[in-house]
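First up is the structure itself, then whatever we jot down about it.
Residue numbers count from 1 along this sequence.
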Amino acid sequence: MDLIERYQALVTHFVTQQATADALCCSQPSVNGWVTGKTKMSAILAIRAENKTNGAFKAIDLCPDLAHEVAS
């Protein structure tokens with residue numbers, strides 16, 4: 001599963017882009033940026049997503065920058 005597919009699955013988990021934004025305390029345009037591939041999720045929001053989904057989505061899978069930090 002690529003990054004955009006993960007973001008789309010996260011939105012499906014929360015049902016809508018707006019509900020995803022509300023759950024993660026960010027804006028709907030930010031969520032849209034992820035699912036369209038224009039931007040990537042920040043580490044803080046990825047960790048928040050992992051917490052809000054009770055681990056169904058792992059932060060390291062949502063934010064590639066975290067993988068680099070873990071490897072260092």
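- Atom OG1 in T53 sits 8.5 Å away from atom CG in L24 (nearest 0.5 Å).
- Open room surrounds CD1 on I44; 12 or fewer heavy atoms of other groups in view lie less than 6.0 Å from it.
- Side chains of L3 and W34 form no contact here, defined as non-hydrogen atoms less than 4.5 Å apart.
- The minimum heavy-atom distance linking L66 with A46 is given by the pair CD1-CB, 4.3 Å.
- Smallest separation of non-hydrogen atoms from F14 and A23: CE2-CB, 3.5 Å.
- Interatomic distance, CG of D2 versus CD of Q8, reported as 8.0 Å (0.5 Å rounding).
- Distance CG/D61 to OH/Y7: 10.5 Å, rounded to 0.5 Å.
- Contact record, A49 with L62: CB-CD1, 3.7 Å, taken as the closest heavy-atom pair.
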Requested in this report: Begin with the C-alpha distance, continue with both residues' side-chain angles, and end with the deciding distance and a verdict on side chain to side chain contact (heavy atoms under 4.5 Å, CB included) for S30 and T39.
Outcome: CA-CA 8 Å; S30 292; T39 60; 6.0 Å; no

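- The shortest heavy-atom contact between C63 and S42 is SG-C, 3.9 Å.
- Scanning both residues, T20 and V11, for their nearest heavy atoms gives OG1-CA, 3.4 Å.
- In the hydrophobic clustering of this structure, I60 does not group with F57; members are Ile, Leu, Val, Met, Phe, Trp, Tyr whose side-chain heavy atoms approach within less than 4.5 Å, directly or through other members.
- Under the rule for a side-chain contact (heavy atoms from CB on, under 4.5 Å), the partners of E50 that lie at least two apart in sequence or sit in another chain are K58, A59.
- We find the CD-OG1 distance between Q17 and T36 to be 8.0 Å, quoted to the nearest 0.5 Å.
- With a 4.5 Å cut-off on side-chain heavy atoms, L45 and R48 count as touching.
- Between L10 and M41, the closest side-chain pair of non-hydrogen atoms falls below 4.5 Å.
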